[in-house]
Student: 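Provided herewith is a single structure, encoded as structure tokens, for subsequent inquiry.
Bear in mind that the values here come from a model prediction, so they are computed numbers and not experimental data. No hydrogens, no waters, no symmetry mates; every other heavy atom, side chains included, goes into these values. Below, read A as the first sequence line, B as the second, and so on, with proteins coming before strands; counting in each chain starts at 1.
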Amino acid sequence: MLATDFIRTAVVEDITSGRFDRRVHTRFPPEPNGYLHIGHAKALAISAGIARDFGGKFNLRFDDTNPVKEEEEYVDGIIADVRWLEHDFGDEIFYASDYFEQTYQWAEQLIEQGQAYVDDLSPDEIREHRGTLTSPGTDSPYRNRSVEENLDLFRRMRAGEFPRAARVLRAKIDMASPNINLRDPIMYRILHQTHHRQGDAWCIYPMYDWAHGLGDSIEGITHSLCDLGYRDHRPLYNWFLEQLGIYHPRQIEFARLFMTYTVLSKRKLLQLVQGGCVRGWDDPRMPTIAGMRRRGYSADSINDFCARIGISTANSVVDVALLEHAVRHDLNRHSPRAMAVLDPIKIVIDNYPEGKVEWMEIDNHPQHPEMGTHRIPFCREIFIERSDFMENPPRKYYRLAPEREVRLKSAYLVTYKGVVKDRDDNVVEIHCTYDPESRGGQAPDGRRVRGTIQWVSAMHAVNAELRLYDRLFSRENPENVEENETFLDSLNPSSLEVLTSCKVEPSLAETKPGDRYQFMRTGYFCTDPDTTEGHLVFNRTIALRDTWAKIQKKQ
RNA sequence: UGGGGCGUGGCCAAGUGGCAAGGCAACGGACUUUGAAUCCGUGUAUCGCACGUUCGAAUCGUGCCGCCCCAGCCA
């Protein structure tokens, strides 16, 4: 396997040196206190991807050591997301909470080795004793209790003899360490909180730093990959494992993902949900896996994006346009084409027989004939996009206009004859004639017709609700706000536009939630779960690239 | 004024002493029954800055500048 990034380079080193018996075993350790987002997709792609590339194993392990913040709902959501992203985590799901007894026993071992002690200081006192970034901390007066007293106290902590926050178990390392994580970090705290899996079996819970490496060790993880935030914790990760004398994985850190026009912190995402700024964790505007899935992003496109952004240790902000590119790239290849008119205006084809219906055949994908074809009905009255007609067209406009001929995709060539207007001078109906010899859209005499537009038979059209999404935030960096503002002030007021009277081709009546299409000349759409019989709802996953819009801007 | 990281074209990112990959974006053009897709083309990058080592430095050394992270009984 090629070492394409610095982590894979390290893994290759370890394999060639035989460090872990040539094994590769990674893990993804989410805390079930929120839904996964695109940043997690990156972490997942790295850890699961490395296991896959090197023929190793990959574990999904919930870091559920803090019952105060964790919920079952999140566990289920996370499992569904990881599965949807198609990462193979085997048949088993791991939980840090399953190791609580072993973790506890190891804590007693550390106490017996004189490397951990029970501290009676209050939270405030502990903070004061910790010192500051520039000054060393001071030892707790309880730091030198005897092994016997520590053991007794710790067992009574477990037995529930003390109230919440009364005491903690701390590692005895170095209160003067320049690395604050080494200033006698807390290993256990008293919570008296029901755990989503352990129930009331425990009233003391291990801290992340203490529990994490142990879980890695128990599972035989070789490479424990995490974000840069844990760089300073590595000496502690190593210290615990060394003192215990147990199997010792290697921790390697990489930079978290940041993306333009996006916020990626569980706290802020929670705020959006609870504040009603979006309709839930799976709102299609959310950068969550659930949101992107509902919106219509494919797992492949998300994984492809993760591969494209690379891995490094430099904090960087990826342009959301790269994600959009990955989405379009994958959707273009796999989405069947269909016709939809978002803002309909009627065309009457004067020389087309009334009541006549012809079923036109249309490719499901212009570049992939193996995807087949389907049929759409054509008749005298059809709908086209209001923007595909202009009475006074600008230069280079080659859609329908006075004196112009245009092609109705896969149907006929039609020529403008006139319009019907209302009292306010709005065009309400366009009259055309068609060339009966142009069935399929080909001119019999070979004349060139530049414009091709989509259409839907008025008689057969199905009504649909289309939800058009734009970026959730209008500022490239939502956090870059004025003095008294928050990231919520960066919210884009028009991130959602609902169109309720769109006309789509009748074949779409059978669509099921999750189905993806390209509505020709418009964008990629995905059937929303809100769809019911008789009421179609589509989410616009992403619009097509629009060169015409650019030309217009320049004009 | 503590410790740990990071600085390569607009945005990512290769490169680890021999004369700066690639992707995205942007901009041209070709083709086109989606103004989509596809194809072709376009960048004088002071490699944060300054000294230094070397025949030769983005790569090594020193100093400086800038940005990020760490003082939860969160993970």
Student: What nucleic acid atoms does A:K550 come within less than 4.0 Å of, heavy atoms only: base, sugar-phosphate, or nothing?
Tutor: sugar-phosphate
Student: Heavy atoms under 4.0 Å, any strand shown: does A:R399 hit a base, just sugar-phosphate, or nothing?
Tutor: base
Student: Assign B:G72 to syn or anti; the rule is syn for a glycosidic angle within 90° of 0 and anti otherwise.
Tutor: syn
Student: Which of residues 332-340 of chain A sit near RNA chain B, with a heavy atom under 4.0 Å from it?
Tutor: A:N332, A:R337
Student: Checking A:F473 now: which residues fulfil ring pair (Phe, Tyr, Trp, His ring centres under 6.0 Å) with it, not counting sequence neighbours?
Tutor: none
Student: What residues, two or more places apart in sequence or in another chain, satisfy side-chain contact (heavy atoms from CB on, under 4.5 Å) together with A:M371?
Tutor: A:R333, A:P336, A:N364, A:H365, A:H368
Student: Under 3.5 Å, which donor-acceptor pairs do the side chains of residues 158-167 of chain A form with other protein atoms, sequence neighbours left out?
Tutor:
{"from": "A:R158", "atom 1": "NH1", "to": "A:E101", "atom 2": "OE1", "distance (Å)": "3.4"}
{"from": "A:R158", "atom 1": "NH1", "to": "A:E101", "atom 2": "OE2", "distance (Å)": "3.4"}
{"from": "A:R158", "atom 1": "NH2", "to": "A:E101", "atom 2": "OE1", "distance (Å)": "2.6"}
{"from": "A:E161", "atom 1": "OE1", "to": "A:R156", "atom 2": "NE", "distance (Å)": "2.6"}
{"from": "A:E161", "atom 1": "OE1", "to": "A:R156", "atom 2": "NH2", "distance (Å)": "3.4"}
{"from": "A:R167", "atom 1": "NH1", "to": "A:D120", "atom 2": "OD1", "distance (Å)": "2.8"}
{"from": "A:R167", "atom 1": "NH1", "to": "A:D120", "atom 2": "OD2", "distance (Å)": "2.8"}

Student: Could you list the residues that satisfy ring pair (Phe, Tyr, Trp, His ring centres under 6.0 Å) with A:F378, not counting sequence neighbours?
Tutor: A:Y352, A:Y412, A:W455
Student: Tell me, which of residues 306-313 of chain A have any heavy atom that sits under 4.0 Å from an atom in RNA chain B?
Tutor: A:R308, A:I309, A:I311, A:S312, A:T313
Student: Quantified in whole Å, what is the P atom distance between nucleotide B:U44 and nucleotide B:C51?
Tutor: 26 Å
Student: Provide the start and end nucleotides, 5' to 3', of the part of RNA chain B that has atoms under 4.0 Å from heavy atoms of chain A.
Tutor: B:G2 to B:A75
Student: Pair A:E72, A:R197 - check salt bridge (Lys or Arg N to Asp or Glu O under 4.0 Å), show working.
Tutor: CA-CA 9 Å; A:E72 197 70 47; A:R197 301 190 82 241; 5.8 Å; no
Student: Once ring pair (Phe, Tyr, Trp, His ring centres under 6.0 Å) is applied, do any residues pair with A:Y237, and if so which ones, sequence neighbours excluded?
Tutor: none
Student: Throw together a table of side-chain donor-acceptor distances under 3.5 angstrom for residues 173-186 of chain A, partners on residues two or more places apart or in other chains.
Tutor:
{"from": "A:D174", "atom 1": "OD1", "to": "A:A176", "atom 2": "N", "distance (Å)": "2.8"}
{"from": "A:S177", "atom 1": "OG", "to": "A:N179", "atom 2": "N", "distance (Å)": "3.0"}
{"from": "A:S177", "atom 1": "OG", "to": "A:N179", "atom 2": "O", "distance (Å)": "3.2"}
{"from": "A:N179", "atom 1": "OD1", "to": "A:N181", "atom 2": "N", "distance (Å)": "3.0"}
{"from": "A:N179", "atom 1": "ND2", "to": "A:D232", "atom 2": "O", "distance (Å)": "2.9"}
{"from": "A:R183", "atom 1": "NE", "to": "A:R130", "atom 2": "O", "distance (Å)": "3.0"}
{"from": "A:R183", "atom 1": "NH1", "to": "A:S177", "atom 2": "O", "distance (Å)": "2.5"}
{"from": "A:R183", "atom 1": "NH2", "to": "A:R130", "atom 2": "O", "distance (Å)": "3.0"}
{"from": "A:R183", "atom 1": "NH2", "to": "A:T132", "atom 2": "O", "distance (Å)": "2.7"}
{"from": "A:R183", "atom 1": "NH2", "to": "A:S135", "atom 2": "O", "distance (Å)": "2.9"}
{"from": "A:D184", "atom 1": "OD1", "to": "A:R143", "atom 2": "NH2", "distance (Å)": "3.1"}
{"from": "A:D184", "atom 1": "OD1", "to": "A:I173", "atom 2": "N", "distance (Å)": "2.7"}
{"from": "A:D184", "atom 1": "OD1", "to": "A:D174", "atom 2": "N", "distance (Å)": "3.3"}
{"from": "A:D184", "atom 1": "OD2", "to": "A:Y117", "atom 2": "OH", "distance (Å)": "2.6"}
{"from": "A:D184", "atom 1": "OD2", "to": "A:R143", "atom 2": "NE", "distance (Å)": "2.6"}
{"from": "A:D184", "atom 1": "OD2", "to": "A:R143", "atom 2": "NH2", "distance (Å)": "3.3"}

Student: Looking only at side-chain N and O atoms, does A:E479 offer a donor or acceptor that is under 3.5 Å from a partner on A:N477?
Tutor: no
Student: Base, sugar-phosphate alone, or nothing: which one does A:D63 contact when heavy atoms must sit under 4.0 Å apart?
Tutor: sugar-phosphate
Student: At 4.0 Å (heavy atoms only), tell me whether A:A314 reaches a base, stays on the sugar-phosphate, or touches nothing.
Tutor: sugar-phosphate
Student: Taking B:G66 as the reference, what is the distance to B:C19 when you measure between their C1' atoms (whole Å, please)?
Tutor: 29 Å
Student: Taking the P atom in each of B:A50 and B:A13, what is the distance between them to the nearest angstrom?
Tutor: 24 Å
Student: Do A:Q454 and A:R521 have a side chain donor and acceptor closer than 3.5 Å?
Tutor: yes
Student: Please classify the nucleic acid contact of A:T134 as base, sugar-phosphate, or nothing, using heavy-atom distances under 4.0 Å.
Tutor: base
Student: How is A:F519 classified with respect to the nucleic acid when contacts are heavy atoms under 4.0 Å: base, sugar-phosphate, or nothing?
Tutor: nothing
Student: Would you say the side chains of A:S298 and A:D330 form a donor-acceptor pair under 3.5 Å?
Tutor: yes
Student: Which range-with-range stems can be found for RNA chain B when each stem has 3 or more Watson-Crick or G-U pairs in a row and both distances sit under 3.5 Å?
Tutor: B:2-7 with B:65-70, B:10-12 with B:22-24, B:26-30 with B:38-42, B:48-52 with B:60-64
Student: With sugar-phosphate meaning primed atoms plus P, OP1 and OP2, does A:F6 contact a base, only sugar-phosphate, or nothing at under 4.0 Å between heavy atoms?
Tutor: nothing
Student: Would you call A:K550 and A:D546 a salt bridge, taking side-chain N to carboxylate O under 4.0 Å as the test?
Tutor: no
Student: Looking at every strand, decide which applies to A:R450 at a 4.0 Å heavy-atom threshold: base, sugar-phosphate, or nothing.
Tutor: base
Student: Just to be sure I understand the rule, does A:Q518 reach a base, reach only the sugar-phosphate, or reach nothing, if contact means heavy atoms closer than 4.0 Å?
Tutor: base
Student: Can the ring centres of A:F519 and A:F538 be said to be less than 6.0 Å apart?
Tutor: yes
Student: Looking at every strand, decide which applies to A:V317 at a 4.0 Å heavy-atom threshold: base, sugar-phosphate, or nothing.
Tutor: sugar-phosphate
Student: Using atom P in both nucleotides, what's the gap between B:G23 and B:C67 to the nearest angstrom?
Tutor: 33 Å
Student: side-chain hydrogen bond (donor to acceptor under 3.5 Å, both in side chains): which pairs involve residues 203-215 of chain A, sequence neighbours left out?
Tutor: A:R27-A:H212, A:D63-A:H212, A:D209-A:H233
Student: Which value, in whole Å, describes the distance between the C1' atoms of nucleotides B:C68 and B:A36?
Tutor: 41 Å
Student: For A:P366, answer base if it contacts any base atom (sugar-phosphate contacts may also be present), sugar-phosphate if it contacts only those atoms, and nothing otherwise; contact means non-hydrogen atoms under 4.0 Å.
Tutor: base
Student: NA contact type, A:R545, heavy-atom cut-off 4.0 Å: base, sugar-phosphate, or nothing?
Tutor: sugar-phosphate
Student: What integer number of Å spans the C1' atoms of B:C12 and B:A21?
Tutor: 14 Å
Student: Does a side chain donor of either A:S507 or A:E505 reach within less than 3.5 Å of an acceptor in the other side chain?
Tutor: yes
Student: Does A:Q442 reach a base, just sugar-phosphate, or nothing at all? Heavy atoms under 4.0 Å.
Tutor: base
Student: Please measure how far the C1' atom in B:C49 lies from the corresponding atom in B:C6, and state the result in whole Å.
Tutor: 16 Å
Student: Considering every strand and a 4.0 Å limit on heavy-atom distances, what is the contact class for A:Q367: base, sugar-phosphate, or nothing?
Tutor: base
Student: Quick check on RNA chain B: between A:T132 and A:H212, whose nearest nucleotide comes earlier from the 5' end?
Tutor: A:T132
Student: Between A:R447 and A:D435, does any NZ, NE, NH1 or NH2 come within less than 4.0 Å of an OD or OE carboxylate oxygen?
Tutor: yes
Student: The criterion is ring pair (Phe, Tyr, Trp, His ring centres under 6.0 Å); which residues satisfy it with A:H374, sequence neighbours excluded?
Tutor: none
Student: Nearest nucleotide by nearest heavy atom, which residue falls closer to the 5' end of RNA chain B, A:A321 or A:T65?
Tutor: A:A321
